[in-house]
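Please read these numbers as outputs of a predicted model, since none were measured by experiment. Chain naming here is simple, since letters A, B, ... match the order of the sequence lines and numbering starts at 1 in each.
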Number of protein chains: 2
Amino acid sequence: MNISPTVVVREVGLRDGLQSIPRTRLNTDQKLEWIREAYEAGQREIEVGSFVPARLLPQLADTEALVAYARTLPGLTTSVLVPNLKGADKALASGADLMVMPLSASHAHSLANLRKTPDEVVTEVGRIRAARDVAGAKTLIEGGVGTAFGCSIQGHVDEDEVLRLALALLDAGADRLSLADTVGYADPQQVKRLFEKVLRAVGDRLCCAHFHDTRGLGMANLYATYELGIRRFDACLAGIGGCPHAPGASGNVATEDVVYLFSSMGVKSGQDLALLLALRAKVAGWLDGELLGGSIALAGLPKTLSEARHMAVVA
Amino acid sequence: MNISPTVVVREVGLRDGLQSIPRTRLNTDQKLEWIREAYEAGQREIEVGSFVPARLLPQLADTEALVAYARTLPGLTTSVLVPNLKGADKALASGADLMVMPLSASHAHSLANLRKTPDEVVTEVGRIRAARDVAGAKTLIEGGVGTAFGCSIQGHVDEDEVLRLALALLDAGADRLSLADTVGYADPQQVKRLFEKVLRAVGDRLCCAHFHDTRGLGMANLYATYELGIRRFDACLAGIGGCPHAPGASGNVATEDVVYLFSSMGVKSGQDLALLLALRAKVAGWLDGELLGGSIALAGLPKTLSEARHMAVVA
């Protein structure tokens, strides 16, 4: 791994993907195998789980063990989601490199999902920052602004409100931000407009884009943010993370498709597509019967990509 | 229909879609119903079939009857594909508004598919132009440059060769051009580079983009050409047109998804998404068991789109 990657495709399948599958399908050993093989395929940032109460998301109850293992892999950024101060305390104790605190820009979604208003979430981020400072920990705090492009409960989400909340998160002590199209509502022009607006205000502290492919525009939206200079993207192996309320509708953009996109464009992601596709096949086997997404695993790599030996270059 | 659409989403499902389904699944009455309801949904350009020998593509043998019907619909641009002068003669006799003559920029694909070199196809376009001039017909000739972004037989296709052939087609008498990613190899940066190159040379005579979504990048590629000023796009209802050699791999970009993209962006396509989705459901029923694509039909329209009443605006 001597080549410095120019984009980071951040694996969030173990968290965003698995949390959307109601039953616990993977045991801890399988998750450790996933993390190890993702690492071997060149992934250097993995969201391994979420410090939420096990009674709410039993399928993520082994997050602490996953963080402990992930920390043993040199150069891996180990990320977790935290819903509140209690979760953040666990994340700080676990030694995770990064904790993502979700905030829903849709007030209706925020109340339904987090049982807090967005401004209450901002206040909680302030407490999390204080806890980190007291602990003297290095765990980064990323504010994940979700439903930034619309909400399936509330409908329209005001762009100025997204900007206000983004600024409030940074003021409260978040180190950086991501914008998420949680419900797959975004289109590329809207993405461009909102990312530009927030980038103008906060610069490179907006450093991650999170898209779902629910309505077929995930890759177009992601490409639009790449064009704006975003270089870090969330994705789920096998495109898991589909919405249970929309049967057949695909989930997060698929990691292997995003890596394929960048390989095709000659942009280094540091990931080896062949190893990634082998891991995808294994995980797809474990998740047999669940809704999977992604195109490249079905269609196969184009002849042009093997010819150009991009796979060797990115490995 | 008082609002002038700013993009044309050209239906090619009756030709590119149905020709990729080996068996004849639709009878002529069903196709007439498809054309009528597509027209009622606001479609104003439909490629109804192909003047190829019936023994090669029996599923398109009723093209003449379809053209005759389509010509009765006011304001509809009736398009057909023609593989050679013989087909063009039929197209001219039928009174079609537009004939698309495919040329494969990949020499290997051209020989395998059309049994001619690309330059022999250029020569044939010269003959077709002469036939049109002799007939005094108004049927436009569009050169469709396929495998422009790579070929599953040959692999890499040289961009300068695509440009040379595009210019040669215009020199030989084609009125205008489209570029097609026939095998789903393109990525958005490549699309941008090649469209820019050809646009610089021929201006708005390059007026159509044709993408397959085989590897998940169809919509991103299409969006990249929209950003460059392209305003006419081929698409297949229900995303039919998948490649029989890649089971599960999706086909052409889905008409309803492309119309959804533009509706989301507030760009007028003149098409009514609700009517289009109703037609999509009907055609999907007729094609039960075939590989279908497209996302919006599965996921449903976002709340934001109904709120904004884009559907009323575009209808």
Choice from L261(A), N221(A), D257(A), V253(A) maximising heavy atom contacts with chain B below 4.5 Å = L261(A)
Chain A contact via Q189(B) - which portion, at a heavy-atom distance below 4.5 Å | both
Sort Y260(A) into side chain, backbone, both or neither according to what part of it lies under 4.5 angstrom from a heavy atom of chain B.
-> side chain
Which of residues 231-240 of chain B have a heavy atom under 4.5 Å from any heavy atom of chain A?
-> none
Heavy atoms only: give me the nearest T304(B)-G150(A) pair and the separation to one decimal.
-> CG2-CA, 4.3 Å
Nearest heavy-atom neighbours spanning D213(B) and S295(A) | O-OG, 4.3 Å
Highest number of heavy-atom pairs under 4.5 Å with chain B among K192(A), Q190(A), R193(A) belongs to K192(A)
For T214(B) against A299(A), the heavy-atom pair lying closest together | O-CB, 3.3 Å
Measure from the side-chain N and O atoms of R215(A) to the backbone N and O of G300(B), and report whether any donor-acceptor pair falls under 3.5 Å.
-> yes
Applying a strict 4.5 Å limit to non-hydrogen atoms, the region of L217(A) in contact with chain B is side chain
Where the side chain of Y223(B) meets the backbone of M219(A), is there a donor-acceptor pair that is under 3.5 Å apart?
-> no
Let me know if L222(A) has heavy atoms under 4.5 Å from chain B in its side chain, its backbone, both or neither.
-> neither
Heavy-atom pairs under 4.5 Å with chain A, option from P188(B), S152(B), G216(B) with the top count | P188(B)
Under a 4.5 Å cut-off applied to non-hydrogen side-chain atoms, are K303(B) and C151(A) in contact?
-> no
